[in-house]
Protein chains: 2
Amino acid sequence: MQYFTFCYNSLTYEQLFNYNKAMDNIDLETVNRVKPKMPDTTLLYELSDFFKLMGDSTRIQLLWALEENEMCVGELALLLNMTKSAVSHQLKTLRSAKLVKAQKRGKNVFYALSDHHVRTVLEMALEHVCE
Amino acid sequence: MQYFTFCYNSLTYEQLFNYNKAMDNIDLETVNRVKPKMPDTTLLYELSDFFKLMGDSTRIQLLWALEENEMCVGELALLLNMTKSAVSHQLKTLRSAKLVKAQKRGKNVFYALSDHHVRTVLEMALEHVCE
DNA sequence: TTGACAGTTGAATAGTTGTTCAACTATAAT
DNA sequence: ATTATAGTTGAACAACTATTCAACTGTCAA
C-alpha cells in the first residue's frame with residue numbers, strides 16, 4: 001500500500017510559517033504569549049557559542065587545570081597527556097573567546113584564566129550532572 | 001634553509017608522556033599538584049556531553065520555550081519556524097538526555113521540562129555572556 | 001473505513017570540528 | 001653562530017552533527 005503525504009520540500013520560510021500556523025490542534029494563544037519572551041538571535045548565538053566552547057573535554061580540562069594554577073603549554077600537554085600542538089590549538093580557541101589569557105616569559109608562554117565566571121558555570125553544570 | 005624538527009608521529013601514549021615529561025622548562029611540582037585535582041574520565045565526559053547538548057541554538061530555544069509552557073511539537077515548530085521533523089529530532093535528543101519529558105494526549109505529543117536545573121544553568125551562562 | 005492530521009524515524013547530505021602532521025618562528029644556551 | 005627547546009600555524013583527515021527528505025505509525029473525524 002502506498003501513502004501520499006505532504007512534503008515540505010523547498011518551502012520558503014513564510015510558506016513553512018503559514019503551514020505550521022494552519023494546523024488544527026495548535027493553541028495559537030500560547031505560541032503568541034511565548035514568542036516575545038524568546039531570546040533574540042544575537043543572544044541566542046552568544047549562548048550556544050559559549051556552551052559549544054565548554055562542550056569539549058579537552059577544553060574543560062584546560063580550564064579546570066588553569067583554575068588551579070597558571071601553566072605553560074608544555075605543562076598542560078604533560079598534564080593532559082596530549083601533544084603541544086593539540087593543546088596550543090585549543091588554547092587559541094579559548095583565548096579568542098577571552099576565557100584565557102597568554103603571557104610570554106622567556107621560552108614559555110603561560111596561560112591563565114581571564115574570567116572567573118567560568119568556575120561558577122562549571123560548578124552549576126557539575127551540580128546538574130551529579131544529579 | 002631546511003629544519004629538522006621532532007615529530008610525534010605514531011608515538012604511544014607512554015612515549016608521548018615521557019617526551020613531555022623530559023622537557024627542560026617544566027615545573028613538575030605544579031603538574032603533580034594539579035593532577036590529582038583533575039576530574040575523572042566519567043565526570044569529564046558527563047560534563048562535556050551536557051555542554052554539548054546546550055551548545056545548539058535550536059535546543060536552547062526549545063528549552064527556553066518549554067520553560068514558559070509545555071507545548072506540542074506543532075506549536076514548537078510554529079514558534080521556532082522549523083519543520084516538525086527537525087523539532088522532533090531535537091526533542092528526541094533532549095529527551096534521551098532526560099532534560100524534557102513527553103506525554104501523548106490524543107493526536108498530540110506534549111513536551112515539558114523534566115529538570116528545572118536547566119533554568120539555573122541557562123541563567124548562569126546568560127550572566128557570563130552578558131558580560 | 002477512509003482520509004486528514006500529528007508526530008516519528010532512518011538515511012542522506014552538508015557543514016562543522018578536533019587532532020595530526022610538517023613546517024615554521026622565537027628564545028635560550030653552548 | 002649554531003643548536004636545541006617551546007610554542008604556533010595551516011592544511012588535511014576523520015569523526016560527528018543538524019537538517020532535510022520521504023516514508024512511515026497512530027489517532028481522530030466524517
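Order of the sequence lines sets the chain letters (A, B, ...), proteins ahead of strands, with each chain counted from 1. A quick note: this is a predicted structure, and the numbers were derived from the prediction, not measured.
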Distances for protein N/O vs nucleotides 10-15 of chain D N/O pairs under 3.5 angstrom?
unit_1	atom_1	unit_2	atom_2	d
D/dG10	O6	A/His89	NE2	2.8

Are there any protein N/O atoms within less than 3.5 Å of an N/O atom in nucleotides 16-18 of chain C, and if so, which ones and at what distance?
unit_1	atom_1	unit_2	atom_2	d
C/dG18	OP1	A/Arg59	NH1	3.3
C/dG18	OP1	A/Arg59	NH2	2.8
C/dG18	OP2	A/Arg59	NH1	3.3

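- Atom CG in B/Asp27 sits roughly 14 Å away from atom P in D/dA6 (whole-Å rounding).
- Rounding to the nearest 0.5 Å places CZ of A/Arg119 at 11.5 Å from CG of A/Leu63.
- Checked by atom type and distance alone, the side chain of B/Asp40 pairs as donor or acceptor with a backbone atom of B/Thr42 at under 3.5 Å.
- Between B/Lys107 atom NZ and D/dA29 atom C1' the separation is 8 Å, expressed in whole Å.
- Taking side-chain N and O atoms only, A/Asn108 has a distance below 4.0 Å to OP1 or OP2 of D/dG7.
- For B/Thr83 and D/dT20, the shortest distance from a side-chain N or O to OP1 or OP2 is below 4.0 Å.
- Between the side chain of A/Gln61 and the main chain of B/Met38, no donor-acceptor pair closer than 3.5 Å is present.
- In this structure, CG of A/Asp49 is placed 15 Å from C1' of D/dA18, rounded to the nearest angstrom.
- The closest donor-acceptor contact from the side chain of B/Asn108 to the backbone of B/Phe110 lies at 3.5 Å or more, if one exists at all.
- Using a distance-only test at 3.5 Å, with no hydrogens or angles considered, no donor-acceptor pair links the side chain of A/Gln90 to the main chain of A/Val87.
- Between the side chain of B/Ser114 and the main chain of B/Lys98, a donor-acceptor pair closer than 3.5 Å is present.
- Rounded to an integer number of Å, the gap from A/Arg105 CZ to C/dA26 C1' is 17 Å.
- In this structure, the side chain to side chain donor-acceptor pair (under 3.5 Å) partners of A/Gln103, at least two apart in sequence or on a different chain, are A/Arg105.
- Atom CE in B/Met54 sits about 16 Å away from atom P in D/dT17, given to the nearest Å.
- Taking only side-chain atoms of B/Val109, from C-beta outward, the nucleotide of C/dG7, D/dT27, C/dA28 with the closest atom is C/dG7.
- Within 4.0 Å of B/Tyr111, counting heavy atoms only, lie sugar-phosphate atoms of the nucleic acid but no base atom.
- Residues A/Glu127 and B/Thr120 are not in side-chain contact: their nearest non-hydrogen atoms beyond the backbone lie 4.5 Å or more apart.
- Without hydrogens or angle criteria, B/Glu75 side chain to B/Cys72 main chain gives a donor-acceptor distance under 3.5 Å.
- Of the listed nucleotides (C/dA6, D/dG7, D/dT19), D/dG7 has the atom at the smallest distance from the side chain of A/Val73.
- The distance between atom CD of A/Glu75 and atom C1' of D/dG7, rounded to the nearest whole Å, is 13 Å.
- Taking atom CG of residue A/Asn81 and atom P of nucleotide C/dT19, one finds them 13 Å apart after rounding to whole Å.
- Remark: P of D/dG7 and CE of A/Met71 are 12 Å apart, rounded to the nearest angstrom.
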